Amino acid sequence: MVVQHPKIAFRDLKVRYGEKTALEGINLEVAKNEILGIIGPAGSGKTSLLRVLNRTLQNTPGAKVTGDVRIDGEDIHRMRDVSGLRRRIGMVAPLPVGLPMSVYDNVAFAPRMAGVTDKKVLDGVVERCLRQAALWEEVEKRLGDLGTKLSGGQQQRLTIARALSHSPEILCLDEFSIAIDPVTTMRIEEVLKELRKHMTIFLVTNLVQQARRLADRTAFLLLGELVEVGPTEEVFGRNPRDRRTFDYVHGIFG
Amino acid sequence: MGVFATSATARRRHRTQKLAFVVLLGVTVLLILPVLAILGMLVYRGAPALSLEFLFSEPVRGMTAGGIWPAIVGTMWLVGVSLAISAPIGVLAAVYLNEYAGDTWYTRVIHLAIVNLAGVPSIVHALFGVGAFVLFFEFGTSILSASLTLAIMTLPVIIASTKESLSAVPMSFREACWNVGATRWQTIRHVVLPNSIAGILTGVILQVSRAAGETAPIIFTGAAVFVPFLPSSVNDQTMALSMHLFTLSTQVQNVPQEITYGTALVLVGLVVLINGVSIVIRSRIRRRRKW
Ligand SMILES: Nc1ncnc2c1ncn2[C@@H]1O[C@H](COP(=O)(O)OP(=O)(O)O)[C@@H](O)[C@H]1O
Ligand SMILES: [Mg+2]
């Protein structure tokens with residue numbers, strides 16, 4: 001399926017860590033305001049794909065990226081301002097990372113680093129993002145507490161709030177529900193349905209049903225190969241294009 | 001029979017554990033005893049010499065009487081100047097190595113050099129100091145040469161301990177910062193350094209106390225047996241506590257014992273004080289630890 005005017009396009013992407021190939025021959029286009037589910041067993045290269053996009057992979061010693069990655073038609077590897085690129089992308093890692101500073105400072109960190117100093121603006125950003133991450137009610141009274149002292153589920157929502165704090169166009173969620181309970185997960189899923197109106201979302205998930213619930217299209221990665229990508233109903237249906245996809249989403253995997 | 005067997009093993013295991021505990025305790029006591037004995041003797045023999053006059057006056061009559069003020073001031077000069085050189089260079093080098101430099105052959109060579117330099121005996125640093133600073137750069141025997149030698153001696157250890165403190169900050173913190181568009185330097189400045197500064201300071205301060213106690217690196221590079229004035233610039237020679245103690249105990253006859261022990265007590269007191277400060281700092285960050 002060809003996407004008209006893709007928001008993001010990967011062409012012939014290849015990622016290697018030293019001698020080891022983590023991703024190869026990836027051709028993938030993502031439409032604006034789409035939720036793209038990415039599923040696949042551990043070690044398939046899901047995280048590597050996201051880290052290519054925001055160019056944090058280049059900070060990993062030994063990692064090599066070849067191929068062409070474009071956002072709005074612009075080659076990300078030619079962008080001079082890496083920080084600017086990263087501010088267009090919100091990234092949520094699998095394990096919650098509260099920075100060792102207050103809840104408020106965690107969310108205000110990105111705008112501050114981008115040069116925002118106006119307290120009113122910062123207050124606004126903090127409240128908006130914490131509300132979007134379904135955390136505001138729980139921390140409203142303790143914005144000065146250390147982010148690292150929140151519970152695991154709260155820290156994960158704090159991470160999401162931080163990922164939203166620089167108003168990204170693209171949101172990457174990497175197995176975000178690994179450390180949180182089902183109820184919180186459902187709340188965040190509701191939030192995502194709201195956010196998709198403004199953002200393009202990569203939803204990497206180890207819960208295949210989560211992709212089924214939320215994703216417009218789903219991509220199946222296996223050992224660095226993009227086995228298939230298609231409309232979610234098709235991937236989860238009786239006749240996906242590849243037999244391996246069927247086996248994986250239906251749990252018949254040896 | 002099973003029951004008996006188990007309880008016998010359990011009892012034996014219990015006895016082994018108890019024995020191990022006693023042995024460990026014994027070893028610990030053995031380690032502490034000499035330290036206490038030395039301190040006790042120093043206080044016992046040296047305390048009578050301590051007085052404001054002893055601390056704040058010059059030695060007189062061929063150092064067989066009077067005080068140690070020039071040596072105290074000299075040690076402060078040496079420690080201060082060497083610290084002003086080695087702390088910034090050491091910390092910056094460690095930041096570069098830990099946060100910027102990749103794992104390449106030349107960073108590995110640098111790392112190897114640091115580890116080896118940290119293990120070089122101080123007398124070797126002293127010889128290097130004479131060759132490099134006193135003779136080649138023609139700084140002469142001066143506070144500058146002696147401090148540079150001390151700085152060279154402490155630098156590798158400061159780099160190593162700073163690197164260790166920096167790498168104790170979890171990688172996930174850095175990644176979280178990069179993910180929101182913070183630059184490497186912003187990440188270091190706002191997250192890595194604030195969370196490692198106490199450990200860095202501890203390492204630096206321990207090297208200060210080491211520099212204060214060493215004699216070999218300063219003996220040929222800038223410390224003198226007796227200087228009749230206080231240093232006024234880094235080009236002067238100076239007395240120093242460690243050097244003074246060496247002189248009193250080996251070079252001069254008829255020194256009243258209490259003066260020698262008093263000098264040693266002041267030197268050890270200074271080192272203990274400095275180490276005490278570093279322990280306080282360390283325990284304070286442990287309490288403030290944020291993750
Ligand atoms: N920093 C790294 N160094 C070396 N190999 C890595 C590194 N990160 C990931 N890999 C390897 O790349 C492959 C893909 O990893 P990853 O992208 O984390 O997959 P996933 O997120 O799907 O579990 C795995 O085989 C993994 O071992
Ligand atoms: Mg992963």
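Being a predicted model, the structure only gives us computed values, none of them experimental.
Interface summary for chain B: among Arg88(A), Arg51(A), Arg87(A), Met113(A), the most heavy-atom pairs under 4.5 angstrom belong to Met113(A).
In this structure, the portion of Ile89(A) lying under 4.5 Å from any heavy atom of chain B is its backbone and not its side chain. If you measure heavy-atom distances from Arg174(B) to chain A, you find no contacts under 4.5 Å at all. Heavy atoms of Asn59(A) lying under 4.5 Å from chain B belong to its backbone as well as its side chain. Residue contact with chain A, scored on non-hydrogen atoms closer than 4.5 Å, is absent for Asp103(B).
Here CG of Leu28(A) is found 5.5 Å from CG of Leu36(A). Values are rounded to the nearest 0.5 Å.
With a 4.5 Å cut-off on side-chain heavy atoms, Phe137(B) and Leu148(B) do not count as touching.
Between Arg162(A) and Asn106(A), the side chains place a donor N or O and an acceptor N or O closer than 3.5 Å (distance only, hydrogens not considered).
The number of heavy atoms from other shown groups lying within 6.0 Å of CZ (Arg189(B)) does not exceed 12.
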**Request:** Evaluate the criterion side chain to side chain donor-acceptor pair (under 3.5 Å) for residue pair Ser102(A) and Asp105(A); output intermediate values, then yes/no.
**Result:** CA-CA 5 Å; Ser102(A) 72; Asp105(A) 291 342; 3.3 Å; yes
